[in-house]
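All ligand and atom numbering here is 1-based and tracks the order in the structure. Since the model is a prediction, treat every value here as computed from it, not as a measurement.
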Amino acid sequence: MALEYLRKNDPTIAKLVHGELERQRNCIELIASENFISLPVMEAMGSVLSNKYAEGLPGARYYGGCHVVDDVETVAINRACELFGCKFANVQAHSGVSANIAAYLATVQPGDTVLGMSLAHGGHLSHGAGVNFSGMLYNVVHYGVSRETETIDMNTVEQLAKKFRPKMIIVGASSYPRTLDFAAFGRIAQEVGAYLLADIAHIAGLIAGGAHPSPLPFADICTSTTHKTLRGPRGGFLLSNDEELARRIDKAIFPGSQGGPLMHVIAAKAVSFAEALRPEFARYCEQILKNTQAIGRGMTDGGLRLVSGGSDNHLCLVDLTPASITGQEAERLLEGMGITANKNAIPFDTLSPNVASGLRVGTAAMTTRGFTEDESEQVGKLIAQAIFNRSDVVVAQKVRNAVMDLLAAHPLYPEL
Ligand SMILES: *Cc1c(COP(=O)(O)O)cnc(C)c1O
């Protein structure tokens, strides 16, 4: 990486940035929430737009000199609306959680009842976990997956909704490998008079690329990150088709919960939305689905079990109990072989979340890198081999060599 000025001015940080580039280059990245942004997205983020204060919205700012960034934000909003086929977007949320904070502020009052997916079954902290603002401020009731199918049982969601009469229902997850039935959630929300919030942080890219059904028009509000399958800069955004809610969302972001927007990141969001509007992006999403099937096949052929028996999206949740290894141990073992994945609780896990019986394996990043189905299946097999033969140094060396060959075939950021 050039880093011309940084190298001269701050070699300590320059060296660390380069070290992280090398780390990303030298491992197969399977963390389901990560991806590799394009160089145009990176350039927009590293631009002079970072210098500008622009509290407010395009055309209605609290500072002067905003005519250029007004255009940047308008382009980002219009592209988000085009990409997801909706009327309204707020692109200022600093992150996925910031978007969720704004969604709560726009819809419910502290103490109101909210129904969301439990963290232990694949939901997100911001869907009502006790240690999070959402669990502290709202009366959150949780649904999970059924023991038999390990998928969300819509009858249970309906029963809970009728019993607790939530003001808002949240659909969305961080480690759920199956299609979310947004239409069914929409019907239930309507029946009990609740807002429906669809948090598409993980699957936004798949939705944009036509590889997962869209929550619009069923959801009142849709929140998301930009940096997971959508492959944009680290950030968040909100969508809606309701004018009144749109007004409340804007106010909930500023002045409700944020100060000045990150205009350099908003520019990068605009660039990534344009990338996602291109036909290549739909092909990318198709390849993600194929690669997930392939890596899942590799792991199950190797003796591991997939929670719910498979995947419809970009991730597999692997049950490690057949191999008598914890998620924590597997994560560390694989990292030593150049494979990065994260330990994850499986539904009805008997271990604590920071030990966990599962592994979450996502294919968005390696698909960006150019991995094919054959290679993905091979990665799945390597994971199983490494885990089942963890005391065999010969196997460990073989896996490490195979990982290095795969990485060499798909160099990351060769331009840098
Ligand atoms: C990742 C994620 C978030 C949080 O995004 P951050 O940008 O880390 O704040 C919110 N909701 C879901 C479902 C997620 O998976």
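Side-chain polar atoms of Gln293 and Glu373 form no donor-acceptor pair below 3.5 angstrom.
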Between ligand 1 and the protein, which N/O pairs fall short of 3.5 Å?
unit_1: ligand 1; atom_1: 7 (O); unit_2: Gly96; atom_2: N; d: 2.9
unit_1: ligand 1; atom_1: 9 (O); unit_2: Ser95; atom_2: OG; d: 3.3
unit_1: ligand 1; atom_1: 9 (O); unit_2: Gly96; atom_2: N; d: 3.3
unit_1: ligand 1; atom_1: 9 (O); unit_2: Val97; atom_2: N; d: 2.9
unit_1: ligand 1; atom_1: 11 (N); unit_2: Asp199; atom_2: OD1; d: 3.4
unit_1: ligand 1; atom_1: 11 (N); unit_2: Asp199; atom_2: OD2; d: 2.6
unit_1: ligand 1; atom_1: 15 (O); unit_2: Ser174; atom_2: OG; d: 2.8
unit_1: ligand 1; atom_1: 15 (O); unit_2: Lys228; atom_2: NZ; d: 2.8

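Counting only residues at least two apart or on different chains, the ring-ring contact (aromatic ring centres under 6.0 Å, His included) pairs with a member in residues 336-357 are His121-Phe348. Among residue pairs with one or both ends in residues 249-277, none qualify as salt bridge (Lys or Arg N to Asp or Glu O under 4.0 Å); sequence neighbours excluded.
Under the 30°/60° scheme for interplanar angles, the aromatic rings of Phe273 and Phe237 are found to stand perpendicular. Ring orientation note: the planes of Tyr143 and Phe185 are tilted relative to one another, at an angle of 30° to 60°.
By the side-chain contact (heavy atoms from CB on, under 4.5 Å) test, Ala173 is found to be paired with Met117, Tyr176, residues two or more places apart in sequence or in another chain being considered.
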